[in-house]
Each structure stands twice: as structure tokens, then as C-alpha cells.
Amino acid sequence: MTNLNATIMTAASARLSDSQDSLSSEELRPMGALPLPADAEVRIAGAVREILEALGENPEREGLLDTPRRVAKMYLEVFSGLHQDPRDHLKTQFSADQHHGAVIVKDIRFHSMCEHHLLPVYGKAHVAYLPAGGRLTGLSKIARLVEGFARRPQLQERLTDQIAQGMEDVLAPEAVLVVIEAEHMCMSMRGVRSPGSTTVTSIARGTWLRDSAARMEIMSLLRG
């Protein structure tokens, strides 16, 4: 029976892998909004109750009685980015001033959740872009873009890519540079237990990808 189960699982994994290979990155991890099931809060609360019971706890005791409902509301809040298209924030644009120099927004604080362990990831993002045709967006809109993509089950690498792609999709700038520095609770409170470790990811697009001197100039402004 064990060998049979292993064979079934292997075949299922192979089919899943084959189906994923035929899907684009956008289809596997949509940039846009996912529909929110009407019974999401009830289902999450039920799942949390199951976890508590599986741990040997009593969900009926005073301290845990409202915990499933609280956790359900918390998950709907911290994962709210799944049910919006963060790129919509960038549709507020200005071009009258015809600014053509770099625009840099540093130290955008964010909180996300590692999709591997559903534990917090928190840190700061730095976003720079070189407007095309003088096309600008509000500075707060860039922060909202970061927040929207962060409020999803995430990988830091993907978050970095999605922020850059979102900027390209809506603003079509001549260049984009995104740097994220973050601490992962899945490293700090479990496993290797290395609190204070910081992961840094970056991506450059457009002119700053091709021109290393220009890229280094922007990087120095981000660090300064």
C-alpha cells in the first residue's frame, strides 16, 4: 500500500508539474485581483479551529473562544492584496511639468507573509524610475503599489519583480530599479533561528539594466 501511495503521489506531482509548465508566470501568480469567496471568513475560522484541536488545545476555553474569528479577520486583512490589482494605484498620473530626471522613493516600509510557512516578512523597499515622456505618478501611489503586492502570500524575489513589472505595465518608464531589504520570521523564529538576518533583492529594467554606470549612480542614491 505504501508503494502504491508513493506511485500515485509521484504521478500526481508529475501531472501538476506538466500543467504548470504549460502555464505562464502571470497565470500561476496573477498580478491582478483574485475573486474573494463569499464564505472566506467562515472557512478560515473553521480551519483555525481545526489547527487548535489538532494541537491538543480546547477552542472552547475563554482565551481561544474568539481566536478563530480574529485570525480569519487578520488573514483577510494581511492578504487583502490578493483581491486588488495594485497597479491601479499608478493610473493617477501627471505630465504637465515634463520632469525627465530620476524619481526615487526610499524606505517604503512593508509587511508581507512568506508563502512557505505563512510567517511574517517585514522590511523596506526602495523604488526608482526614469519617467518617459514626463509621465509621473503620485509618490504615495508607489508606496501603495508596494503595499498591495506585499499583502499576499509572497516570496521576496517575486515581490521585487512584481513591483518593477507593475511600474513598467502602467507607467512605461525608460528605466526602473527596485531594491528590497527584509527580515524573514521563518529564519528568525524557526529552523536556523537567525534573528536579525536581512535578505536583499534587486532588479533593474530598461536603461538601468543596460547601462551599468547609470545603474550604479542610482544605487548610490538609494544607499545614501
Side-chain angles (χ1 to χ4, degrees), residues 1-17 19-20 23 27-86 108-125 143-160 162-163 180-201:
M1 181 63 72
T2 300
N3 289 339
L4 176 59
N5 286 339
T7 301
I8 293 171
M9 291 299 294
T10 300
S13 297
R15 287 195 300 272
L16 178 60
S17 177
S19 65
Q20 288 183 339
L23 296 174
E27 290 171 316
L28 288 172
R29 304 175 184 88
M31 296 274 285
L34 296 177
L36 176 64
D39 60 346
E41 184 175 332
V42 173
R43 290 166 61 185
I44 296 169
V48 173
R49 183 184 177 90
E50 288 284 339
I51 291 172
L52 292 171
E53 290 176 341
L55 291 170
E57 264 288 6
N58 174 17
E60 297 298 326
R61 68 178 176 84
E62 183 181 27
L64 294 177
L65 192 59
D66 288 333
T67 296
R69 180 184 58 83
R70 292 191 189 103
V71 173
K73 288 183 177 294
M74 180 269 293
Y75 272 139
L76 290 175
E77 179 182 351
V78 301
F79 291 137
S80 59
L82 286 170
H83 312 117
Q84 62 172 274
D85 188 336
I108 302 170
R109 301 284 175 175
F110 73 89
H111 291 82
S112 188
M113 294 282 267
C114 164
E115 69 176 32
H116 294 155
H117 298 95
L118 295 185
L119 285 173
V121 177
Y122 63 92
K124 53 188 178 181
R144 291 188 182 279
L145 176 78
V146 172
E147 179 185 42
F149 282 126
R151 287 183 174 270
R152 298 178 171 194
Q154 271 291 12
L155 301 177
Q156 183 174 330
E157 298 89 340
R158 184 194 307 139
L159 176 59
T160 308
Q162 287 183 332
I163 293 168
I180 292 180
E181 308 168 65
E183 181 170 355
H184 294 240
M185 289 297 99
C186 58
M187 284 185 62
S188 299
M189 64 183 292
R190 59 157 298 282
V192 69
R193 296 181 185 174
S194 179
S197 298
T198 300
T199 299
V200 180
T201 51

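Worth knowing before you read on, the calculation uses all heavy atoms, side chains too, and leaves out hydrogens, waters and symmetry mates.
Remark: Val200 pairs with Val179, Glu181, Thr198 by the side chain to side chain contact (heavy atoms under 4.5 Å, CB included) rule, at least two apart or across chains. Among residues two or more places apart in sequence or in another chain, the side chain to side chain contact (heavy atoms under 4.5 Å, CB included) test is passed with Glu50 by Glu53. By the salt bridge (Lys or Arg N to Asp or Glu O under 4.0 Å) test, Arg43 is found to be paired with Asp39, residues two or more places apart in sequence or in another chain being considered. Applying the salt bridge (Lys or Arg N to Asp or Glu O under 4.0 Å) test to Glu41 and every residue at least two apart in sequence or in another chain returns Lys73. Not counting sequence neighbours, the partners of Thr160 by the side-chain hydrogen bond (donor to acceptor under 3.5 Å, both in side chains) test are Thr201. Residues meeting the ring pair (Phe, Tyr, Trp, His ring centres under 6.0 Å) test with Tyr75, sequence neighbours left out: Phe79. The salt bridge (Lys or Arg N to Asp or Glu O under 4.0 Å) test applied to Glu60 returns Arg49, not counting sequence neighbours. Checked against side-chain hydrogen bond (donor to acceptor under 3.5 Å, both in side chains), Glu157 has no partners two or more places apart in sequence or in another chain. Take Glu62 and apply the side-chain hydrogen bond (donor to acceptor under 3.5 Å, both in side chains) test, not counting sequence neighbours, and it matches no residue.
Closest non-hydrogen pair, Ala182 versus Gln156, comes out as CB-OE1, 3.5 Å. When every heavy atom of Leu82 is checked against every heavy atom of Pro153, the shortest pair comes out as CD1-CD, 3.8 Å. In terms of heavy-atom proximity, Phe110 sits nearest to Leu159 at CE1-CD2, 3.9 Å. When every heavy atom of Val48 is checked against every heavy atom of Pro68, the shortest pair comes out as CG1-CA, 3.8 Å. Listed here is the closest heavy atom pair of Ala72 and Ile44: CA-CG2, 3.6 Å.
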**Study point:** Check against side-chain contact (heavy atoms from CB on, under 4.5 Å), Arg158 and Phe149
**Key:** CA-CA 9 Å; Arg158 184 194 307 139; Phe149 282 126; over 6 Å; no
Practice item. Might you work through the side-chain contact (heavy atoms from CB on, under 4.5 Å) test for Ile163 and Ile180, ending with a clear yes or no? Key: CA-CA 10 Å; Ile163 293 168; Ile180 292 180; 4.0 Å; yes
**Study point:** CA sep, side-chain torsions, deciding dist, call: Leu155, His116, side-chain contact (heavy atoms from CB on, under 4.5 Å)
**Key:** CA-CA 8 Å; Leu155 301 177; His116 294 155; 3.5 Å; yes
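You'll find the side chain of Leu64 stays beyond 4.5 Å of the side chain of Asn58, heavy atoms only. Side-chain contact between Leu36 and Leu76 is present, with heavy atoms from C-beta onward closer than 4.5 Å. Counting heavy atoms from C-beta outward, Arg109 and Lys124 have side chains that approach closer than 4.5 Å.
With a 6.0 Å radius and a threshold of 12 heavy atoms from other residues, nucleotides or ligands, Arg144 has its CZ atom at or below the threshold.
Each of Arg152, Gln162, Glu147 was scored for a side-chain contact (heavy atoms from CB on, under 4.5 Å) with Pro86, with one residue passing: Arg152.
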Determine all donor-acceptor pairs shorter than 3.5 Å in which one atom belongs to a side chain in residues 185-197; sequence neighbours excluded.
{"from": "Ser188", "atom 1": "OG", "to": "Glu183", "atom 2": "OE2", "distance (Å)": "2.7"}
{"from": "Ser188", "atom 1": "OG", "to": "His184", "atom 2": "O", "distance (Å)": "3.2"}
{"from": "Arg190", "atom 1": "NH1", "to": "Cys186", "atom 2": "O", "distance (Å)": "3.0"}
{"from": "Ser194", "atom 1": "OG", "to": "Ser197", "atom 2": "OG", "distance (Å)": "2.6"}
{"from": "Ser197", "atom 1": "OG", "to": "Ser194", "atom 2": "O", "distance (Å)": "3.0"}

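Panel note: side chain Gln84, backbone Gly148; no donor-acceptor pair is recorded below 3.5 Å. Checking side-chain atoms of Arg151 against main-chain N and O of Glu77 turns up a donor-acceptor pair under 3.5 Å.
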